[in-house]
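Per chain, numbering begins at 1; letters A, B, ... match sequence-line order. Atoms considered below: every heavy atom in the structure, side chains included; atoms not considered: hydrogens, waters and symmetry mates.
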Amino acid sequence: MPTSTDFRQVNRPSHSSQVIAAMETQLSNGPTCNNTSNGPSTISNNCSSPVESGSIEDSKTNLIVNYLPQNMTQEELKSLFGSIGEIESCKLVRDKITGQSLGYGFVNYVDPKDAEKAINTLNGLRLQTKTIKVSYARPSSASIRDANLYVSGLPKTMTQKELEQLFSQYGRIITSRILVDQVTGVSRGVGFIRFDRRIEAEEAIKGLNCQKPPGATEPITVKFANNPSQKTSQALLSQLYQSPNRRYPGPLAQQAQRFRLDNLLNMAYGVKRFSPMAIDGVTSLAGINIPGHAGTGWCIFVYNLAPDADESILWQMFGPFGAVTNVKVIRDFNTNKCKGFGFVTMTNYDEAAVAIASLNGYRLGDRVLQVSFKTNKTHKA
DNA sequence: TTCGATT
């Protein structure tokens, strides 16, 4: 959660029949910008739905609970919601393979009054770092699956309201969000739109992908969203670098370990190390324009990765140098092969700097890596 | 193939 404001109050539903749940969906991919047909796509085929029934007929007992803490179990979910009233059934949705929680679940009460009470009482409740969302679940149906879109390249000035205005011509929007930088609050230019029905999402892709919103100078990308469980597998991978490292032994790991020790010693003795973020002991917000700094840490660009490179290789290479919060291998949309580069975010400037100094020019397999702080370069002008 | 973004 970006802020700790009164989400609980502002987000409380005033008319619950219109509060529609957001179901997280499976990963699926959409088309790229390279449309083979460049004529205007027909978005108004006669698919006007007879299914206006929507929320009125929906269950008054079944709730969807979103944004649950990662470690919350089904038993804890049942315990929490059982405090309101008798539960008919309760299900925490988990990853099919890893069994990890996907962060949402369903609670079906016996009495509709208890369901309403649970929304009023538990929606917006803070649990650890999360603010849970409790709302009526829509009937399970194929037509509402895979209706979640990921939008990137948005103008930084675009508001959530404007985003909704842009997409609402294609259907009924269930949820929308624009991601913002945690420090500056400025839009990251990416967001989500969940439609009521998949067909609406498909039409929005056809109509808006690679199009410039009114007043924008760059086209946006609109595609189906990934499901949100993969951070978990990344976190699991991050533990790889803690274990004895058989893949990258030798001088490099030793150098990394010695650096960490030096750093600890310096901290213990109060030695101040250089960081562009620190000016006379005062952290300056002017630092947001320093190359590589991404608000949440120091962003590092890694070039010349092999096509089969994956995230674990980045964790293993950078982890020994200090706190790594995120790694990303950039892949080709169609082949899913690495496009030759990736990004690593490190918390501390010093550790990032040493990692760069150590890993730039490092030979990985038959390739020589180029490693530097991320800049704002882009190959398309 | 030289700088993304996944609630």
Check your understanding: To the nearest Å, how far apart are I220(A) CD1 and dA5(B) P?
Key -> 14 Å
**Study point:** Hydrophobic cluster of V190(A), others only, ordered by chain and residue number, side-chain cut-off 4.5 Å
**Key:** Y150(A), L179(A), F192(A)
**Study point:** Whole-Å gap separating C1' (dT2(B)) and NZ (K337(A))
**Key:** 20 Å
Review point. Please give, in whole Å, the distance from dT6(B) C1' to N336(A) CG?
Key: 14 Å
Practice item. Using only heavy-atom distances, decide whether a donor-acceptor pair under 3.5 angstrom links the side-chain of N148(A) to the base of dT7(B). Key: yes
Exercise for review: Taking only Lys NZ, Arg NE, NH1 and NH2, and the carboxylate oxygens of Asp or Glu, determine whether D196(A) and R138(A) approach each other closer than 4.0 Å.
Suggested key: yes
Practice item. Would you mind reading off the distance between L163(A) atom CG and dT6(B) atom C1', rounded to a whole angstrom? Key: 14 Å
Practice item. Could you check how far CG of L154(A) sits from P of dG4(B), rounded to whole Å? Key: 15 Å
**Study point:** Side chain of F343(A) - closest among dG4(B), dT7(B), dA5(B)
**Key:** dG4(B)
Review point. Within the structure shown, what part of the strands sits under 4.0 Å from T375(A) by heavy-atom distance: base, sugar-phosphate, or nothing?
Key: base
Review point. Quick one: hydrophobic cluster around F341(A), which other residues, with the 4.5 Å side-chain cut-off, linked directly or via members?
Key: F301(A), Y303(A), I330(A), F343(A)
Check your understanding: Taking atom P of dC3(B) as reference, at what distance in whole Å does atom CG of N376(A) sit?
Key -> 11 Å
Review point. Out of dG4(B), dT2(B), dA5(B), which nucleotide sits closest to the side chain of Y303(A)?
Key: dT2(B)
Check your understanding: Closest to the K374(A) side chain: dT7(B), dA5(B), dC3(B)?
Key -> dC3(B)
Exercise for review: Compare the minimum distances between each of dA5(B), dG4(B), dC3(B) and the side chain of C299(A), then state the nucleotide with the smallest one.
Suggested key: dG4(B)
Point to revise | Nearest-angstrom distance from the residue atom CD1 of I330(A) to C1' of dA5(B) | key: 8 Å
Review point. Do we see F192(A) stacking on the base of dT7(B), given a limit of 5.5 Å between centres and 30° between planes?
Key: yes
Check your understanding: Between dG4(B) atom C1' and E311(A) atom CD, what is the distance in whole Å?
Key -> 12 Å
Check your understanding: Closer than 4.0 Å, any side-chain N/O of R188(A) to the OP1 or OP2 of dT6(B)?
Key -> yes
Practice item. Using the ring of Y170(A) (Phe, Tyr or Trp, six-membered ring only), decide whether R197(A) places NZ or CZ under 6.0 Å from its centre and within 45 degrees of its axis. Key: no
**Study point:** Per F341(A) side chain, nearest of listed nucleotides dG4(B), dA5(B), dT7(B)
**Key:** dG4(B)
Study note, to complete from the structure: Checking D114(A), D111(A), N108(A) against T61(A) for side-chain hydrogen bond (donor to acceptor under 3.5 Å, both in side chains), the one that qualifies is N108(A)
